[in-house]
Trainee: 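Quick one: this structure, given as structure tokens, is what I'll be asking you about.
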Amino acid sequence: MEWPTTAVEAIAVQEELRGHVDLTDVGKTPRYVAGLDVAYDGDRLAAAVVVLDRDTLAEVDRAVVRGETTFPYVPGLFAFREVPALLAALEQLGTTPELLVCDGQGLAHPRRFGLACHLGVLTGIPAIGAAKTTFVGSHGELAREGGATAELVDGGEVVGAAVRTQDGVKPVYVSVGHRVSLRTAIDHVLRLAPRYRLPETTRLADRACREGLSDG
DNA sequence: GCGACAG
DNA sequence: ATCTTGTCGC
């Protein structure tokens with residue numbers, strides 16, 4: 001299947017690949033968890049993947065690649081803008097991540113195929129989405145305490161969860177990407193965010209890709 | 001028809 | 001995503 005150029009083609013790709021999403025939890029606890037993010041400066045971009053030890057949260061590897069945008073930002077087709085560069089970064093890694101923590105949605109997407117599903121299906125690696133804001137779906141109030149969660153519902157189905165990682169902070173939106181259950185995805189996010197609102201994986205990946213832009 | 005709309 | 005100072009709170 002060719003890489004799409006138009007929105008119509010891109011949607012067709014999503015409809016095709018969505019059938020490859022595996023909703024079964026891999027069961028095995030990952031040791032190497034990766035955070036992925038992309039930064040932009042006009043048409044220039046830098047994609048970063050930072051791998052952390054799941055228990056100590058210590059960085060064990062990272063890769064940053066620079067390039068240019070090949071697809072515009074279109075709500076619902078966000079993955080086509082970031083996937084090429086992120087796959088390139090993943091290939092430069094000297095380590096194979098066992099979990100991808102993506103900066104965006106997984107199943108919490110209009111066609112149930114957000115960035116996390118896309119990267120998961122293409123790599124075969126378990127993946128989850130951890131977004132700063134919702135895209136589709138709504139949820140009820142959640143307790144003020146860190147660890148509180150609320151189902152994210154869209155079209156009558158649970159597509160993810162609003163997760164409060166720290167007391168009083170705005171929730172992070174977690175959804176399944178590939179080969180991980182929602183419960184496991186939530187547990188991973190809470191464990192990866194012991195101090196700040198966002199998981200350490202996304203915080204480090206965010207810093208890494210920004211640096212990759214400036215010193216490039 | 002009018003907004004909303006991951007990053 | 002990115003443009004952007006000070007400011008309220010712990």
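Per chain, numbering begins at 1; letters A, B, ... match sequence-line order.
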Trainee: NA contact type, A:Tyr40, heavy-atom cut-off 4.0 Å: base, sugar-phosphate, or nothing?
Mentor: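 The residue A:Tyr40 makes sugar-phosphate contact but no base contact.
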
Trainee: For A:Arg44 and A:Leu213, work out which heavy atoms get closest and say how close.
Mentor: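 Looking at all heavy atoms of both residues, the shortest contact is NH2-O, 3.4 Å.
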
Trainee: Assess whether ring-ring contact (aromatic ring centres under 6.0 Å, His included) is satisfied between A:Phe71 and A:Trp3, documenting all intermediate values.
Mentor: CA-CA 10 Å; A:Phe71 206 92; A:Trp3 190 256; 7.7 Å; no

Trainee: What nucleic acid atoms does A:Ala39 come within less than 4.0 Å of, heavy atoms only: base, sugar-phosphate, or nothing?
Mentor: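 Touches sugar-phosphate only.
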
Trainee: In whole angstrom, what separates A:Asp167's CG from C:dG9's C1'?
Mentor: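 The answer, rounded to whole Å, is 15 Å.
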
Trainee: For DNA chain B, note the earliest and the latest nucleotide, 5' to 3', having some atom under 4.0 Å of a heavy atom belonging to chain A.
Mentor: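 Result: B:dC5 to B:dG7.
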
Trainee: Using a 4.0 Å heavy-atom cut-off across all strands, classify A:Leu77 as base, sugar-phosphate, or nothing.
Mentor: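 Base: the residue A:Leu77, judged by heavy atoms under 4.0 Å, touches a nucleobase.
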
Trainee: Tell me the interatomic distance from A:Asp43, atom CG, to C:dT2, atom C1', rounded to whole angstroms.
Mentor: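 Rounded to whole Å, this separation is 14 Å.
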
Trainee: Verify, without hydrogens or angle tests, whether A:Gln14 (side chain) and A:Gly76 (backbone) share a donor-acceptor contact under 3.5 angstrom.
Mentor: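 Between the backbone of A:Gly76 and the side chain of A:Gln14 there is a qualifying donor-acceptor contact (under 3.5 Å).
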
Trainee: Tell me the interatomic distance from A:Leu213, atom CG, to C:dT2, atom P, rounded to whole angstroms.
Mentor: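 For the pair A:Leu213 CG and C:dT2 P, the rounded distance is 7 Å.
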
Trainee: Report whether A:Leu36 and A:Leu122 are members of the same hydrophobic cluster (ILVMFWY, side-chain heavy atoms less than 4.5 Å apart, transitive linking).
Mentor: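 In one cluster: yes.
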
Trainee: If you look at every strand shown and take non-hydrogen atoms under 4.0 Å, does A:Gly129 touch a base, only sugar-phosphate, or nothing?
Mentor: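 A:Gly129: no heavy atom of the nucleic acid under 4.0 Å.
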
Trainee: Distance only, no hydrogens: is a donor on one side chain within 3.5 Å (strictly under) of an acceptor on the other, for A:Asp25 and A:Thr184?
Mentor: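 Result is yes, a qualifying pair exists.
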
Trainee: Where do A:Ala148 and A:Leu142 come nearest, in terms of heavy atoms and distance?
Mentor: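 Closest pair (atom of A:Ala148, atom of A:Leu142, distance): O-CD1, 3.7 Å.
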
Trainee: Hydrophobic side-chain clustering at under 4.5 Å (ILVMFWY, transitive links): who's grouped with A:Tyr196? Put none if nobody.
Mentor: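 For A:Tyr196, no cluster forms, as it stays isolated from other hydrophobic side chains.
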
Trainee: Given pairs defined as Watson-Crick or G-U wobble with both distances under 3.5 Å, what dot-bracket annotation applies to DNA chain B, with ( ) intrastrand, [ ] crossing, | other strand and . unpaired?
Mentor: .......

Trainee: Are the side chain of A:Gln166 and the backbone of A:Ala193 linked by a donor-acceptor contact shorter than 3.5 Å?
Mentor: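 Here the side-chain-to-backbone pair exists.
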
